[in-house]
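Take a look at the structure set out below.
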Amino acid sequence: MLYLAQDPSSTAADTRFISPDNNDGTAKATTEACLEAGLTARERVHWNVYPWWLAAPCEKRVPHEAELGRIFLIELLDRLPEVSSVVLIGGKAVQAWAKVFPNGGPRADFYIGRGPHPSYGWWSKPYGTDGRLGRERVIDELRAARSHAFKTTS
C-alpha cells in the first residue's frame, strides 16, 4: 500500500532521505499511526506528491511543480504495480491524486483513503463530520487500506 503525503519535511530535506523514522514530529506521528494500524515497514511505501521540500529556501521556483509531481507519481505507480491501496495524507495529496486520477484510481479495484496531514494541526482535533480525531481517521484509513491490499479482516 502507498502512504502519500505532500512533501518531505525539512529534516528529510537536510538528510536527503525520506523516512517515517526521521527525527521530526510528522515522521513520528506517521510511524505511530502505521504501527497502530498494524502496517509493517514491508507492507507500505511512503511517498510525497512533491518529492522535494516545497518550503526550501531558493531564489527560483521550478515552473510547473505540480506537473513534475504528477509525472513522478505516475512513474512510481508504474514501478509498483502490486500497490492496490493508497492513503492520501493532507489536502495537497488529495488534490494531486484527483488531477492524476480524476475517475478515482489507476484501476477499478483500487482503495483510496483520505486523512489529515499530521503536521497541520488536525492530528489531535476532530476531523470530518463524524467527530473522530484526525489521528483516529488516519489509523482507520490505514487499516482499511491494509485490509484491501492484503485481503485481511484485521
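Both backbone and side-chain heavy atoms feed into the values below; hydrogens, waters and symmetry mates do not.
Side-chain contact between Glu43 and Cys34: absent, with no pair of heavy atoms (C-beta onward) separated by less than 4.5 Å. Taking the side chain as every heavy atom from C-beta outward, Ile89 and Gln6 never approach each other to under 4.5 Å. Put simply, the side chain of Arg132 does not reach to within 4.5 Å of the side chain of Tyr127, judged on heavy atoms. No side-chain heavy atom of Val87 sits less than 4.5 Å from a side-chain heavy atom of Leu2. Considering only heavy atoms from C-beta on, Met1 stays 4.5 Å or farther from His148 through its side chain.
Pairs of residues two or more places apart, or lying in two chains, that qualify as ring-ring contact (aromatic ring centres under 6.0 Å, His included) and include a residue from residues 77-104 are Trp97-Phe101, Trp97-Phe110.
Side-chain polar atoms of Tyr111 and Ser84 form no donor-acceptor pair below 3.5 angstrom.
The line from CD of Glu141 to CZ of Arg146 is 15.5 Å long, rounded to the nearest 0.5 Å. Rounding to the nearest 0.5 Å places CG of Leu142 at 12.5 Å from OG of Ser147.
Scored by the salt bridge (Lys or Arg N to Asp or Glu O under 4.0 Å) test, Glu75 finds Arg79 as partners (sequence neighbours excluded). Arg114 is linked by a salt bridge (Lys or Arg N to Asp or Glu O under 4.0 Å) to nothing, counting only residues two or more places apart in sequence or in another chain.
Thr31 places a side-chain N or O within donor-acceptor distance of the main-chain N or O of Ala27, the cut-off being under 3.5 Å. Under a 3.5 Å cut-off, the side chain of Arg44 and the backbone N or O of Thr40 do form a donor-acceptor pair. The closest donor-acceptor contact from the side chain of His117 to the backbone of Thr26 lies at 3.5 Å or more, if one exists at all.
In plain terms, the two heavy atoms of Pro116 and Trp123 that are nearest each other are O-CZ3, 3.6 Å. The two residues Ala145 and Ser85 come nearest to each other via the heavy atoms O-OG, 2.9 Å.
Using a 4.5 Å cut-off between side-chain heavy atoms of Ile, Leu, Val, Met, Phe, Trp and Tyr, with links allowed through other members, Val94 and Val83 fall into the same hydrophobic cluster. Using a 4.5 Å cut-off between side-chain heavy atoms of Ile, Leu, Val, Met, Phe, Trp and Tyr, with links allowed through other members, Val49 and Ile112 fall into the same hydrophobic cluster. Both Ile74 and Leu88 are members of a single hydrophobic cluster when ILVMFWY side chains are connected at heavy-atom separations under 4.5 Å. Linking ILVMFWY side-chain heavy atoms closer than 4.5 Å, directly or via other members, places Leu133 and Leu35 in two distinct hydrophobic clusters.
Of the options Asn48, Val86, Leu4, a side-chain contact (heavy atoms from CB on, under 4.5 Å) to Leu73 is made by Leu4 and by none of the others.
Under a 4.0 Å N-O distance rule, the pair Arg137/Asp140 does not qualify as a salt bridge.
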